[in-house]
Structures are given as C-alpha cells and as structure tokens.
2 protein chains.
Amino acid sequence: MKLSTKGRYAVTAMLDLALHTHARPVPLTEIANGQGLSLSYLEQLFARLRRCGLVEGVRGPGGGYRLARPATEISVADIITAVDENVDVTRCAGRGDCQDGERCLTHDLWTDLSRQLYEFLDSITLERLVRRPAVQEVAGRQEPRSLHAGVDAGKTVA
Amino acid sequence: MKLSTKGRYAVTAMLDLALHTHARPVPLTEIANGQGLSLSYLEQLFARLRRCGLVEGVRGPGGGYRLARPATEISVADIITAVDENVDVTRCAGRGDCQDGERCLTHDLWTDLSRQLYEFLDSITLERLVRRPAVQEVAGRQEPRSLHAGVDAGKTVA
DNA sequence: CTAAATCCCGAGTAATCAGCTAGGGATTTA
DNA sequence: TAAATCCCTAGCTGATTACTCGGGATTTAG
C-alpha cells in the first residue's frame, strides 16, 4: 500500500466519472483540463484502471470512459492499488528471512499495519465519496461550466 | 501524510527503543545491524526524531538513544510525520484556488481523507505495538543475541 | 589526560520514481 | 474519409530515497 499524488489523481478522476454515470462517457481531455494534468499522463493512469477492470473505454467521437462497476462496488483502496502498484512493504519480499534467516521486527508489524490501512481505505466506496457535502457543492459549481450542463446538477447544495 | 520505507524504518527503530526502556540507552550501531541499515542513514533519521522531541541522545561510551516520552505518549503518526516531512497533499498548497480560483474536487476530499488516515495512525501508540504478540515473540528471540543479554529479557514472552 | 565510543552534522551520489512529453497507432462516429 | 477519441511504447527531467564519506563534539574508561 502506497499513498502518492498518483493515487490522488486517480481517485479524483474516478470521482469525476462517478458524478457523470447517467450521462455519456467522459472523455479524458475533459478530466485532464479539470485537474490540470497532461492528457497522456491521465491515459497512463486510466490504462491501469482499465486493466484492473475499474473502468471501460468507449472509442470514437462521443466516446470516453465509464465506470465498469456501480460506484457502490468500487473502493478507494481498489483505485489506489490499481495505479500505485503496491511495492511490497517488507524488506524481505514476504519471505520472512529479513534478519539472520528469521523474521525481523518490521515484518509482522508492518504487514499488519498496512493491512489495517487497506481495510480502512477499502471501506470507503466511490458512492460514499459522491454523497459528501463538499463534493456535491463543488460538483454543483462546476456543472454549469462543463459540457454536461443541466444533466443532474444544481439542486444538490441547498 | 506520506508512507514510505523511511517511515517504516523509523517506526521499527522506535519500537526497538521501546523494548529497551528499562535498560541503558540503545546505540545506533546496534539498531543499524539489526535492520541492515547504514549507521549514517539511521543517524539522519534519528536527527529528525530528536528535533521533534521523540528521542533524546546520550553521548559518549555507553551512550545511545532513549525515548524522550513514555511509549504510551508516542504514536505511529508522530514518528512518520517526524521523518517523512509531510508534503502538502493538495496541489494548491492549501490555498484552495486549484481550479480557476475555486476549490477543486480533490481539495476537501483528500485533505479529509488524509486527516482520517492520520487519526488512525495516531491512535496506535508505541506501547500498543510493544504489547503485540508477534513483536513479543521476535523480541524474545533477539534478546539473547543482543548486547543487553540478561538485563531485562527472557520473561517477556511467557 | 587521553583514547575510544558514541552522538552530531553537512555534502555528495547512485538508483529509483513521479510526472510528463513525443509519437505513433486503432476504432468509431459524422 | 476526416475527426474524435481510446490505446500503446519509449523516453526525459527533476525530486526523492537510501546511502557514503568525512569530519567534528562530547563523554566515559582506563
């Protein structure tokens, strides 16, 4: 388990997709503009997300990306492990021979700690993120500027 | 909040100290051997731990490092933030002007997510780690080989 | 008092990685 | 058939990680 900006970009992008599930697929150029990222870099992130079965691409004009599963079945942990290929956290690559052929202090401790961390992030689904007030507010503000104006927005903030 | 091998080394080293609180200070050479790290690299980690008030150094022969506070008052989050100076997770450095002068989707979402993560790691104290069965077991096995043989060891495992 | 053990400090270095650029397809719609 | 999109591979740059080197400063032991 690893946390970096890469994972954050991916989570934000996936959230973007989740906010537009009822509309047409979202093209990467749109997300790239929104996040201030290069198209090609985003493509690389989405290539991994696609290989992990989190999104599906639709080619040709009017195409873009869609969530491959309902937002209730995609967790933040899913997304992060998809893009930040998890470096094995133990020095001995899980063999347990880190210290003179025995397990070192790090071994059990850290694998366990990162398991707990994973479970925590796995308990947060995209759907839960979408329902957060802060997200609703920003999404509402963005909607008028975006190409999907009027689809679904406006009444969420109150 | 950032998670890397650096933080893991620091946590393990601090755990090492916590296991020897009743004995004399622990010299870095010992920890370096145990973890297979270079002395100088460990020194750099401990310089930060010291600046953050987590450990105190004792100079001269017979010297080494000690916890500066009881193990009940040092959390994993304390240690990690001490060595992995927290890169600001938001693109806009907390100013909130990431997207056209407004807050982007990432902003509130990620600061909040990393706050929760911090709280989780902050809830785990060194003392709690010391009491873990896996740690007790490894510590018991290491004790006879260490320089502190007989000081305090042997009775901890049961 | 001196030598050794330790902490302390700063500079530099090789490898890796994050984030990005470049350049090319393949596929689909208009 | 042309444009919009996804798809793929190969590199490039600057930062970071993990580490080395070379020097102190301070304290205890003999």
Side-chain angles (χ1 to χ4, degrees), chain A residues 2-13 17 20 23-33 35-68 80 82-89 91 106 147, chain B residues 2-10 12-13 17 20 23-33 35-52 54-68 80 83-89 91 106 147-148:
Chain A
K2 197 167 131 193
L3 291 179
S4 68
T5 53
K6 213 160 156 184
R8 198 169 72 247
Y9 288 144
V11 170
T12 312
L17 257 53
H20 297 98
R24 63 162 172 76
V26 182
L28 286 191
T29 46
E30 205 169 302
I31 299 178
N33 288 339
Q35 286 203 52
L37 287 182
S38 77
L39 175 62
S40 197
Y41 188 48
L42 249 197
E43 282 180 336
Q44 287 164 43
L45 295 185
F46 270 79
R48 295 183 187 223
L49 293 172
R50 197 174 53 85
R51 268 180 241 126
C52 291
L54 297 180
V55 297
E56 53 190 19
V58 180
R59 294 185 178 208
Y65 279 97
R66 243 196 291 262
L67 296 184
I80 288 176
V83 295
D84 272 333
E85 60 233 37
N86 48 337
V87 261
D88 61 283
V89 289
R91 194 181 188 77
T106 317
L147 297 171
Chain B
K2 197 168 132 193
L3 291 180
S4 68
T5 53
K6 211 161 157 186
R8 200 170 70 248
Y9 289 144
T12 313
L17 258 52
H20 297 98
R24 63 165 171 71
V26 183
L28 286 190
T29 47
E30 206 170 301
I31 299 177
N33 289 339
Q35 286 203 53
L37 287 181
S38 77
L39 175 61
S40 201
Y41 187 48
L42 248 197
E43 282 180 336
Q44 286 163 45
L45 295 186
F46 270 79
R48 295 185 188 221
L49 293 172
R50 196 173 55 85
R51 268 180 242 123
C52 291
L54 297 180
V55 297
E56 53 191 17
V58 179
R59 294 187 176 206
Y65 278 97
R66 244 196 291 262
L67 297 183
I80 288 176
V83 296
D84 272 333
E85 58 231 37
N86 48 339
V87 261
D88 62 285
V89 289
R91 195 179 187 79
T106 317
L147 297 171
H148 314 282

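We name chains A, B, ... by the order of the sequence lines, and we start the count at 1 in each one.
Phosphate proximity of D/dC7 to A/Arg50: present, with a side-chain N or O under 4.0 Å from OP1 or OP2. Using a 4.0 Å cut-off, some side-chain N or O of A/Ser38 falls inside it from OP1 or OP2 of C/dT21.
Closest to the B/Tyr41 side chain, of the nucleotides C/dG10, C/dC20, D/dC19, is D/dC19. Comparing atom distances between the A/Pro27 side chain and each of D/dC6, C/dC7, D/dT20 picks out D/dC6 as nearest. Out of C/dA18, C/dC8, C/dC20, the shortest distance to the side chain of B/Tyr65 is found at C/dC8.
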Kindly give the atom pairs (protein nitrogen or oxygen, nucleotide nitrogen or oxygen) under 3.5 Å for nucleotides 26-30 of chain D.
unit_1: D/dT26; atom_1: O4'; unit_2: B/Arg59; atom_2: NH1; d: 2.7

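Counting heavy atoms from C-beta outward, A/Phe46 and A/Leu49 have side chains that approach closer than 4.5 Å.
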Side-chain donor/acceptor pairs under 3.5 Å, residues 55-66 of chain A, sequence neighbours excluded:
none

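In DNA chain C, consecutive stretches of 3 or more Watson-Crick or G-U wobble pairs with both distances under 3.5 Å are given as paired ranges: C:1-30 with D:1-30.
Judged by atom type and distance alone, B/Thr29 does not reach the base of C/dA5 through any side-chain donor-acceptor pair under 3.5 Å. Scanning atom types as modelled, no donor and acceptor separated by under 3.5 angstrom connect the side chain of B/Gln44 and the base of C/dC9.
Rounded to whole angstrom, the span from the CG atom of A/Leu45 across to the P atom of D/dC8 amounts to 14 Å. What separates CG of B/Asn33 from P of C/dT6 is a distance of 11 Å, to the nearest Å.
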